[in-house]
Amino acid sequence: MCLAMPALVVELCDNDEAVVDLDGVKKRISLALVEEVAVGDYVILHVGYALQKLDIEEAEATLALFRQLAAEQGG
Amino acid sequence: MKYIDDFRDGALARGLASAIAAEVQPGREYRLMEFCGGHTHAISRYGIADLLPPSIRLIHGPGCPVCVLPIGRIDQAIRLALDRGAILCTYADTLRVPASGKLTLQKAKAQGADVRMIYSTADALAIARAQPGREVVFLAIGFETTTPPTAVAVIQAAAEGLKNFSVLCNHVLTPAAMHAILNVAQGVRLDGFIGPAHVSTVIGSAPYEPFPRDYGKPVVIAGFEPLDVMRAIQMLIRQINEGRAEVENEFTRAVTRAGNRKAQVLVERVFELRDAFEWRGLGTVPHSALRLRDEYARFDAERKFAVSYVAVPDHKACECAAILRGEKRPEECKIFATACTPETPIGSCMVSSEGACAAHYSYGRFRSAA
Ligand code: SF4
């Protein structure tokens, strides 16, 4: 139910809608709950609605931290 | 897929696991509740518990919306579909939840009820537009993640003047359930919470601030991927070791302190707090659920059709209630994996993949038997 996933916005449409790419599958979703979404953004998609924009800088920073933590363990 | 697979990397997971193992203090037990069903699912699916030292005990919480819905709520939906001839629209997860009289929405459908599985609230509106002569009821369930899409649908129905659309509202609130868990008399001992991912994208991290302040329990909001959950566990262990209790956010790529204001404003416009709501497992919890405001009463199926809620006890062998309070584990239920399986669920925790029993049945059963 609460499962949601990041999806890449590939096209903006009328009626506050957009087309996203979900692992190669194109899907029309609503942008009624988010602001200032542009093509190329990742959004978190849940039951047909974008819930939040993904902050790419934060995502990369989190991944870098994971790599560093793993490296410290000699992994 | 970008930003999914990255957070599932096995080598990084092993690195994080050894980092956690290095920080665990000998002789100390860490009892952490993952509130959210999505985390329960991720923990089981990726075998996260196996990667952790045995002194870290992960306790499933009540954050699976299908699981916490009591039987009487599904009964209301079935009555609307069977007795009132409404087209009942619902997300897939509720179709197989056992209701009274050995019924489910799926079985009601086989008996002639018009039950439609939808993917989005927009689908329910489309059905209402296409069938102006029929009543269309959307069975709305879910935490703060799923509430904003319902609000959008109600506002749109009002704007279009749709007269045959209404919502059977069962939206529930995460912080209220966390308070209830901590207030259960002789409840489980908890050292901290793994805070929900997508609920928090909407409500932000601020609503968790009472838990460290008033109960001394740390909360770390975690994303849904396995590395996120492991990192959140590490952050909790550090807080516990250092005697700190704070709200921390691991899921910074999607969660801010304030959350999604636009979504909050829409929810606020359409819904108000119920005085009380009955949860499976937690009993009747004050101010823990939403209903439509008077202004939108014509879209409230409970008022429109006068279908009142009637409480119904769970199946007597089912331990869902204790599992949802974190007091029991699925394998402690006598009928787990025998009479109760995902194909023939007896209780709600076996229905949704986020339910503790279903997650344990699919991924964890053989491991704990070994
Ligand atoms: S195994 Fe089935 S009957 Fe037992 S607690 Fe889980 S859902 Fe309920």
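Note that this is a predicted model, so its numbers are computed, not measured. Sequence lines set the chain letters: A, B, ... in the order given, protein chains first and strands last, and positions in each chain run from 1.
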Visitor: More than 12 foreign heavy atoms under 6.0 Å from CZ of Arg269(B): is that the case here?
Guide: no
Visitor: Please determine, among Thr201(B), Val255(B), Val202(B), the option with the most heavy-atom pairs under 4.5 Å with chain A.
Guide: Thr201(B)
Visitor: Quick one: CD1 on Ile44(A) to CZ on Phe251(B), what's the gap to the nearest 0.5 Å?
Guide: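 It is 4.0 Å, given to the nearest 0.5 Å.
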Visitor: Find the one option among Ile155(B), Leu227(B), Leu16(B) whose heavy-atom pairs under 4.5 Å with chain A are most numerous.
Guide: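 When all of Ile155(B), Leu227(B), Leu16(B) are compared, Leu227(B) has the most.
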Visitor: Closest heavy-atom contact between Ala59(A) and Tyr3(B)?
Guide: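 Answer, listing the atom of Ala59(A) first, then Tyr3(B): CB-CE2, 3.7 Å.
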Visitor: With side chains defined as the heavy atoms from C-beta onward, is the minimum distance between Asp55(A) and Thr252(B) less than 4.5 Å?
Guide: no
Visitor: Which bit of Asn15(A) comes within less than 4.5 Å of chain B, counting heavy atoms only: side chain, backbone, both or neither?
Guide: neither
Visitor: Answer with side chain, backbone, both or neither: which region of Leu65(A) has an atom nearer than 4.5 Å to a non-hydrogen atom of chain B?
Guide: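 For Leu65(A), the side chain is the part near chain B, not the backbone.
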Visitor: Run the side chain to side chain contact (heavy atoms under 4.5 Å, CB included) test on Tyr49(A) and Thr121(B) for me, step by step, so that the C-alpha distance in whole Å, both residues' side-chain angles and the decisive distance to 0.1 Å come before the verdict.
Guide: CA-CA 9 Å; Tyr49(A) 288 78; Thr121(B) 53; 2.8 Å; yes
Visitor: Tell me, out of Ala22(B), Gly37(B), Ser120(B), who's got the most heavy-atom pairs with chain A below 4.5 Å.
Guide: Ser120(B)
Visitor: For chain A, which candidate among Arg261(B), Met230(B), Gln234(B), Arg253(B) shows the most heavy-atom pairs at distances under 4.5 Å?
Guide: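 Sorted descending by pairs with chain A, the first entry is Arg253(B).
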Visitor: Check whether Asp9(B) gets within reach of chain A through its side chain, its backbone, both or neither, counting any heavy atom under 4.5 Å.
Guide: neither
Visitor: Rounded at 0.5 Å granularity, tell me how far CD in Gln52(A) sits from NZ in Lys262(B).
Guide: 11.5 Å
Visitor: How about Leu33(A) and Leu266(B): do any of their side-chain heavy atoms sit closer than 4.5 Å?
Guide: yes
Visitor: Could you check which of Ala92(B), Cys64(B), Pro148(B) has the highest count of heavy-atom pairs closer than 4.5 Å to chain A?
Guide: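 Option with the top pair count is Pro148(B).
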Visitor: List the atom of Thr145(B), the atom of His46(A), and the distance in Å for their closest heavy-atom pair.
Guide: O-CD2, 3.4 Å
Visitor: Heavy-atom distances under 4.5 Å only: say whether Phe66(A) touches chain B with side chain, backbone, both or neither.
Guide: both
Visitor: What's the separation between atom CG in Leu63(A) and atom CG in Asp6(B), rounded to the nearest 0.5 Å?
Guide: 5.0 Å
Visitor: If you tally heavy-atom pairs under 4.5 Å against chain A, which of Gln156(B), Glu250(B), Arg231(B), Arg14(B) wins?
Guide: Arg231(B)
Visitor: Under a 4.5 Å cut-off applied to non-hydrogen side-chain atoms, are Phe7(B) and Thr62(A) in contact?
Guide: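 Touching, per the 4.5 Å side-chain cut-off.
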Visitor: With a 4.5 angstrom heavy-atom cut-off, could you sort out which part of Leu12(B) is near chain A: side chain, backbone, both or neither?
Guide: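 Its backbone and side chain both get close to chain A.
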